Amino acid sequence: MAIFIDKETRVLVQGITGKEGQFHTRQCQDYGTRIVAGVTPGKGGQKMDGIPVFNSVEEACAKTGANATMIFVPPPFAAEAILEAVDADMELAVCITEGIPVLDMLRVKSAMAGKRTRLIGPNCPGIITPGACKIGIMPGSIHLAGGPVGVVSRSGTLTYEVVHQLTSQGLGQTTCLGIGGDPINGTSFIDCLLAFQDDPETQGVVMVGEIGGSAEEEAAAWIAAHMNKPVVGFIAGLTAPPGKRMGHAGAIVSGGRGTAAAKLAAMRENDIHVCENLGNLGSLCKDVFSAVLS
Amino acid sequence: MAIFIDKETRVLVQGITGKEGQFHTRQCQDYGTRIVAGVTPGKGGQKMDGIPVFNSVEEACAKTGANATMIFVPPPFAAEAILEAVDADMELAVCITEGIPVLDMLRVKSAMAGKRTRLIGPNCPGIITPGACKIGIMPGSIHLAGGPVGVVSRSGTLTYEVVHQLTSQGLGQTTCLGIGGDPINGTSFIDCLLAFQDDPETQGVVMVGEIGGSAEEEAAAWIAAHMNKPVVGFIAGLTAPPGKRMGHAGAIVSGGRGTAAAKLAAMRENDIHVCENLGNLGSLCKDVFSAVLS
Amino acid sequence: MKIHEYQAKELFRQAGIPVPDGQVCYDREKIPSLIANLNMPVAIKAQVLAGGRGKGGGVILAHTTKEAQAAAEKILGMQLVTLQTGEEGTAVKTILFEQGIQLKKELYLSMLIDREQADIVIIASRDGGMDIETVASKTPERIITVHVNPLLGLQSYQLRKLIFGLELDPAVTKSFATLVKKLFTLFLNSDCSLVEINPLAITVEDTVMALDAKMEIDSNSLFRHPDITAMHDSSEDDALEAAAAAHGLNYIRLGGTIGSMVNGAGLAMATMDLIKQAGVEPANFLDVGGGASAEMVENGFRIILSDPNVRGIFINIFGGILRCDILAQGVVTAARKVGLSLPVVVRMEGTNMEEGREILAQSGLDLTNATDLNHAASLLTEMVQ
Amino acid sequence: MKIHEYQAKELFRQAGIPVPDGQVCYDREKIPSLIANLNMPVAIKAQVLAGGRGKGGGVILAHTTKEAQAAAEKILGMQLVTLQTGEEGTAVKTILFEQGIQLKKELYLSMLIDREQADIVIIASRDGGMDIETVASKTPERIITVHVNPLLGLQSYQLRKLIFGLELDPAVTKSFATLVKKLFTLFLNSDCSLVEINPLAITVEDTVMALDAKMEIDSNSLFRHPDITAMHDSSEDDALEAAAAAHGLNYIRLGGTIGSMVNGAGLAMATMDLIKQAGVEPANFLDVGGGASAEMVENGFRIILSDPNVRGIFINIFGGILRCDILAQGVVTAARKVGLSLPVVVRMEGTNMEEGREILAQSGLDLTNATDLNHAASLLTEMVQ
């Protein structure tokens, strides 16, 4: 089962002929992802490793049946690349690009209301259903297929760390995804939790947050109200000073809001199993999830 | 049951202190509608027939629990009045105003995507659930409460004609509504048909169309695919010349599209009981609906 | 509301959209002096709102001053007959002299409101100068359509779809994209319901230029466009329709013998259909609106009676909130005032219907009450026998 | 990116938003000649990016030329200490002389991005000149908020909500509404993340005027704002943070003793937390990005070593697609190149991890391999004992 993507997902790559686009297209293909098309305006008719390249998403979808897109388009044009995917009625758009202006994302977000396209990201590592489909830049090899754990995170390498520890403990993953480090993103924690809740294969979820905004607090409240699967939570940035942007555009404590302490408190209040020390995350998950697995 | 409005609906009137607003507010109140508030910017704090007037929809909703609005705001400001109702998260907005610029309505329609507000109209007579609630300018007295017929129409007085004939035949109505004569409107035929299909009290539907656009054709196709209640259809404008706008902004045959003949053909092909002659509509309904009623 | 080509081109110019140099002429006396200042070749184009003027002889390309003089004299003042004017044609009161352009290629470009998708659709084709309906039915693959969300506006990928679809030479793309963006802005800013450029020329300098310009403005938006409202040329309007509009009445002349007066557009259309089904031809569509005051009824009578074809009148009013006795009184008063001599069938429904019928019966005028629509239909059939 | 008050006011002026007449001064010598041309009273305002300058003595209202001279001499060049600068304060290199205004009332107005609702929020209050956080916590009913959809833009009913909420005198509403609309346009056109006017004055002439101006620009948008990018004043930046940024590294100084070098912002934050949990203080946040090339590692070492507090370094790299042997080679090369003498704990994970560890072990440098995060933590604890 897993969520959002599976073996049948037909992936298109926007910006396939760029350096990053080429590299990660190959990585995804090597992992087994069905990459069916690429889009680079002006390069329609060419091929990249045998993958047909089109001038537009609309044309690529019409000719290849692509239903998901991975976007490697530079920041000035990335928002429009998302809109193009939405306009073509793609089911899923995964935007890897970091550095999209916030106002561009506000417009995209507003324009997506009522559309069927799900956006993951931007400024994210992507999504992987181990053993089935990888749309993103995460290293495939650290994952263990078959579940029972779902992973959702605002971060990239921190997610790899979490996945690595799960795999080391013999805990496989259903789907792992990074929702992105920008203040405005497409899919939220709650969207993912809802999907994991509905996915029969997922038995527990690891949710990795960080400072900035209040998405973790909202997710914690949602979990208490709606979730009947155990959730392990981790928050990065306890030692981050206020007013400083910690790498991610969205990772900032401002006006006393968005602190790690507040997020951890919200998690504890809402029966989430809080991981205090990243080094122990894998073993904590083993403890927590083995209860439901047995 | 009925659709969209009932005895519990709490109605706000935007433009309550204008001439039309005042008159129809009284008519609705006389019919038994729960008019709980009015809005006229700058007249907040006043009363109209004992109804409190507010400066904004947001405030009116917060203080009176209004969940539906009837809009009598002049064309230059009407689109914004709808947006204000949407922004205040109203369940229902009924816009009576005729003459709103098309581009304004395009913007409104686009902005409403993903919002919960249902818009009926603009340029419409409104909606009535006989005996329970009237939000609009139709004469209440011609209606017969208790069902079993639902009526949906693009027209005003033509709807009254239809309702009058139904009532004369002893056929009561669940809900009757005009979706408006403009090219861009909120609630479509299909939205209403879907609601009537789901309403246990409604046993049959009368659908009144006219020339222009293809809403009737789309509705006919939908009826064949999804509807298991009988539908009687009527189309006005068989004798309308092409290229001329027949009163309603949306009633025009252009480029050979939107003809009454095409609409009637679509209705016939999709098992709708077509009324050829308006004078016989009531008796036709009696015949058609008595089959399901017995 | 339609505006003339020369008016649309003036708006194009203000919006930075390239159009050929041109001169407008209303006066035969001024033709020679205008031509003296023009380089040949020059196109002489009748400025009429009706379409199809080219086939009707309203456009002539002149290669010499002499040809230009002859063409201008021929067109200015002619009674131009096109598919859209009817047999009597329309008088050409204005002509446009327009500089000839050296071009490589002709394209088609238009923008209009798509009511089903509730957005703005841009339509383009490589087959400039041809009727777009013909292209659409014969070679639909040569039509490119782009739907633009009115809030988001035109996006680059949409421009690219047009450019790739038209297989434009790379040298032209920038000029083309600029024109499309400016035209879209003009469409929004002027509340257009249609803008059409056919043909859109690609010149020998690899720029684009609007050789023709058709613009229709949403009538509901005119309150915010006084400048465009002032462009309205009523000379091609039907005189009766214009008179009705001046009284706030929606009237359309249809050519039959039975006039009708109805409140509400839908019921008015259904009433026309009913007249036709009764075996007679409707003379008009006339919607007196929701109120239907005595004054409205009076004005309605006057408009209907101005049509010499009318042999009888059908008043079909669903009173709604209006009381029938008030309406009947209005009809009687108005009929006396205008000196009505034609037979009138009145069908009215609503509050105080009985009192209303009594008033009509007592009036002594040739006013017949119809009890319902079927009764009205049979009365109409009798009326013309 | 923050810009100075005088720069924000220049953008206000260009956008048609009223601000007091003002003169900027960078040079003590020019103070007398500037003052000679000003009417009294005049405000002398330190131009620093740090907030809280008023309480720190960075703003003085002068009623006479003499007072103005003294105030300007005092502020220009002072080391201004505010709540946001730290104890050492920040040097005032620029001052703004601003004409005193006769005012009736002071309001508060700001616009910022609301990340939860994904729109732009306008915040207003009658309590101008006060800290908005204080107003919000003590008298929340005096705060008016309006959420604006970025595609729809500001609507009249939203302006009315502000106007009614602020209980503005009708004489002021037009001037206020115009200002809000222009400010909103400026917000969009300049890609602001924050615009704040506190106080916004209502003058005795019933117009509005921005007495202060705070603007922050979305750094991600600077590629399309070369003019605003040029306004950047790096003099208040941390020297090391600026040097790191020049190398494309995300570095933030934290004041502790254990430096860290990590790939990825989330993992870098978690690593800081881990150092703290190991009983030592993190010296910095440093994200070398997803690639972590040898050059990046070298630059990272140089930045970390420039901080004299650093006693040890923790390299935590989750290689991902990067191979560990390549990374290890990069670390060894870079360590030799910069002459590294501090102890380094390296924890790396990913492809070819074994080969990578071997390279570190063979290097002869003081590089200790950590097998996992817990091992790394205990090594860090030992390191500082």
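The model shown is predicted, which means the values in this text are computed figures rather than measured ones. Residue numbers start from 1 in every chain, and the chains themselves are labelled A, B, ... in the order their sequence lines are given, proteins ahead of strands.
Ranked by heavy-atom pairs under 4.5 Å with chain C, the list B:Ala249, B:Gly243, B:Ala236 is led by B:Ala236. Ranked by heavy-atom pairs under 4.5 Å with chain C, the list B:Pro75, B:Ala260, B:Gly99 is led by B:Gly99. Chain C forms the most heavy-atom pairs under 4.5 Å with one residue out of B:Gly212, B:Gly209, B:Gly181, B:Ala240, and that residue is B:Gly212. Among the candidates B:Gln165, B:His164, B:His248, the residue making the largest number of heavy-atom pairs closer than 4.5 Å to chain C is B:His164. Contact count versus chain C (heavy atoms, under 4.5 Å) is highest, among B:Gly250, B:Ser188, B:Ser155, B:Gly237, for B:Gly237. Counting heavy-atom pairs closer than 4.5 Å to chain B, the top-ranked of the candidates C:Asp372, C:Ile120, C:Asp218 is C:Asp218.
Looking at C:Asp238, neither its backbone nor its side chain comes within 4.5 Å of chain B, counting heavy atoms on both sides. Both the backbone and the side chain of B:Ala111 have a heavy atom closer than 4.5 Å to some heavy atom of chain C. Contacts between B:Asn185 and chain C at a heavy-atom distance below 4.5 Å are absent for every atom of the residue. Contact of C:Arg347 with chain B is made through the side chain alone, with heavy-atom distances under 4.5 Å. Both the backbone and the side chain of C:Ala118 come within contact range of chain B, with heavy atoms under 4.5 Å apart. For B:Glu98, no part lies near chain C; criterion is any non-hydrogen pair under 4.5 Å.
The pair C:Glu241-B:Lys244 meets the salt-bridge criterion, since a charged nitrogen lies less than 4.0 angstrom from a carboxylate oxygen.
Enclosure of atom CZ in B:Phe77 is not indicated, since only 12 or fewer non-hydrogen atoms of other residues, nucleotides or ligands lie within 6.0 angstrom. C:Glu216 CD: more than 12 foreign heavy atoms inside a 6.0 Å radius.
You'll find the side chain of C:Leu267 stays beyond 4.5 Å of the side chain of B:Tyr160, heavy atoms only. Contact of the C:Leu151 side chain with the B:Leu106 side chain is not registered, since no non-hydrogen atoms from C-beta on lie closer than 4.5 Å. At a threshold of 4.5 Å between non-hydrogen side-chain atoms, the residues B:Leu281 and C:Leu373 do not count as touching. For the pair C:Ser193/B:Val102, no side-chain contact is recorded, criterion being any heavy-atom separation below 4.5 Å from C-beta on.
Atom CG of residue B:Leu238 and atom NZ of residue C:Lys276 lie 9.5 Å apart, to the nearest 0.5 angstrom. In this structure, C:Asn250 CG and B:Arg245 CZ are separated by 11.0 Å, a value rounded to the nearest 0.5 Å. From B:Met246, atom CE reaches atom CZ of C:Phe285 across 5.0 Å, with rounding to the nearest 0.5 Å. One finds the CZ atom of B:Arg107 at 6.0 Å from the CG atom of C:Leu188 (value rounded to the nearest 0.5 Å). Distance check: B:Thr157 OG1 to C:Glu349 CD gives 12.5 Å after rounding to the nearest 0.5 Å. With rounding to the nearest 0.5 Å, the separation of CG in C:Leu152 from OG in B:Ser110 is 7.0 Å.
Considering all non-hydrogen atoms of both residues, B:Ile184 and C:Asp114 come closest at CD1-O, 4.2 Å. Nearest heavy-atom pair across B:Gly247 and C:Ala265 is CA-CB, 3.9 Å. Smallest separation of non-hydrogen atoms from B:Glu276 and C:Gln277: O-NE2, 2.6 Å.
Under the 3.5 Å distance criterion, with hydrogens and angles disregarded, a donor-acceptor pair is assigned to the side chains of C:Asp273 and B:Thr239.
Side-chain N or O atoms of B:Glu210 include none that pairs as donor or acceptor with a backbone N or O of C:Ala270 at under 3.5 Å. Judged by distance alone, the side chain of C:Ser221 and the main-chain N or O of B:Pro101 form no donor-acceptor pair under 3.5 Å. Looking at C:Glu116, its side chain never comes within 3.5 Å of a backbone N or O of B:Gly213 through a donor-acceptor pair.
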_Step-by-step side-chain contact (heavy atoms from CB on, under 4.5 Å) determination, B:Leu158 to C:Phe318_ = CA-CA 8 Å; B:Leu158 182 52; C:Phe318 203 104; over 6 Å; no
